[in-house]
Amino acid sequence: MKEIRIGLVGAGWMGKAHSSAFLDAQMLFGPDYGTAVFEMVADTNEASAKEAQHKIGFQRVTTDWKELVTDPDIDLVDIATPNAFHYEVAKAALENGKNVYCEKPLSISPEESKELAQLAKEKGVINYVGFNNTMNPANAYVRELVQSGRLGKIMRFTGTYDQDQLLDESLPIIWRHINKLAGCGALGDLGSHLLSVSQFIMGDIAEVNAMATTVFPKDLRKLDPLKWLM
Ligand SMILES: NC(=O)c1ccc[n+]([C@@H]2O[C@H](COP(=O)([O-])OP(=O)(O)OC[C@H]3O[C@@H](n4cnc5c(N)ncnc54)[C@H](O)[C@@H]3O)[C@@H](O)[C@H]2O)c1
């Protein structure tokens, strides 16, 4: 039975969701694809890292992700930090020959993402990005129907992605609201899921025309991002 020793960077919402999925995967698919070993967790917030150790069972804890990506006992680096840190962590992990499971977006610029994809190819490792909606069985079935030709020529794809998570104005400002840390707003955060599903089902997009508006405009650009991250 192959063990996959996981190093998690970022023990917040998605870090917990990924860890739960690693356990579920074994329950659903059996141990033939590997058994998750929760080797090390890194979070700049030590309390979050320790909580993940306590609740998920990570064997070791650090507040310095560099320690994790260079550790010889890690097979897979799982990146679930705010977006702006993905590139640096993924690059270091790939350079150290680790497989990488990175939350979306892989980075906050296309150039950086291409560089990481190329680096993963050169190193012969996996660089998987968390566009998890393509794993929804309903979407996989639609893709199969479309690709088999059973639905004929597809004329139109219509989609919405609704989430009210940040609708409550009394919620505190977090990294998601700060462009320097998130690299995008709600369109990039949630619209990218819709695009990933459309690409999965229909193939690459040739051209884009768009109209967009911000429903509740507030200018946060003058805020000091690091102050809000702490
Ligand atoms: N695929 C999806 O459906 C989905 C859903 C939610 C979030 N996400 C993505 O997951 C990522 C994390 O989002 P989240 O909602 O879990 O955020 P979160 O704020 O809940 O967790 C982020 C964690 O990273 C830690 N952190 C911050 N900087 C760090 C650093 N330099 N090194 C180590 N740890 C650091 C924070 O202390 C925090 O514990 C984002 O990229 C987001 O876009 C994807």
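Remember, it's 1-based here, ligands and their atoms both numbered in the order they're listed. Residues: numbered from 1 along the sequence shown. As the structure is a computational prediction, the values presented were derived from the model and not from experiment. Every heavy atom of this structure was used, including side-chain atoms; hydrogens, water molecules and symmetry mates were not.
In the vicinity of His193, heavy-atom distances shorter than 4.0 Å reach the ligand 1 atoms 1 (N), 2 (C), 3 (O). Close approach of ligand 1 to Trp175 (heavy-atom distance below 4.0 Å) involves ligand atoms 13 (O), 17 (O), 18 (P), 19 (O), 40 (C), 42 (C), 43 (O). Every atom of ligand 1 with a heavy atom of Pro82 under 4.0 Å away is listed here by number and element: 22 (C), 24 (O), 26 (N), 27 (C), 28 (N). Short contacts between ligand 1 and Gly130, defined as distances under 4.0 Å to a heavy atom of the residue, involve ligand atoms 1 (N). Those atoms of ligand 1 that come under 4.0 Å of a heavy atom in Arg176, given as number and element, are 6 (C), 7 (C), 13 (O), 14 (P), 15 (O). Against a heavy-atom cut-off of under 4.0 Å, His86 is close to the following atoms of ligand 1: 41 (O). Those atoms of ligand 1 that come under 4.0 Å of a heavy atom in Asn45, given as number and element, are 37 (O).
Evaluated by nearest non-hydrogen atom to atom 11 (C) of ligand 1, the leading choice among Val9, Asp43, Thr81 is Thr81.
Here the side chain of Asp43 pairs no donor or acceptor atom with the backbone of Ser48 at under 3.5 angstrom. Distance alone, capped at 3.5 Å, is enough to place a donor-acceptor pair between the Lys98 side chain and the Ile74 backbone. Side-chain atoms of Thr160 never come within 3.5 Å of backbone atoms of Asp162 as a donor-acceptor pair (strictly under, hydrogens ignored). In this structure, Asn83 contributes its side chain and Leu181 its backbone to no donor-acceptor pair below 3.5 Å. Side-chain N or O atoms of Glu39 include none that pairs as donor or acceptor with a backbone N or O of Arg60 at under 3.5 Å.
We find that Arg5 and Asp71 are not joined by a salt bridge, their nearest charged nitrogen and carboxylate oxygen being 4.0 Å or further apart. Ionic pairing of Arg150 and Glu144 is not present here: no N-O contact between side-chain nitrogen and carboxylate oxygen is shorter than 4.0 angstrom.
Ligand 1 has no atom lying under 4.0 Å from any heavy atom of Lys16.
Counting heavy atoms under 4.0 Å from ligand 1, residue Lys104 touches it through both backbone and side chain. For Trp65, every heavy-atom contact with ligand 1 shorter than 4.0 Å involves the side chain, none the backbone. Residue contacts with ligand 1 for Phe131 are absent, since no atom lies close enough (heavy atoms, distance under 4.0 Å). When non-hydrogen atoms are compared, ligand 1 lies under 4.0 Å from the side chain of Glu103 (C-beta onward) but not from its backbone.
By the 6.0 Å contact criterion, CD1 on Ile126 is open, its count of non-hydrogen atoms from other residues, nucleotides or ligands being 12 or less.
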task: Check the pair His86 / Glu103 against side-chain contact (heavy atoms from CB on, under 4.5 Å), numbers first and verdict last.
output: CA-CA 8 Å; His86 292 182; Glu103 254 312 335; 4.0 Å; yes
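Residue-to-ligand polar distances keep Gly15 apart from ligand 1: every N/O pair is separated by 3.5 Å or more.
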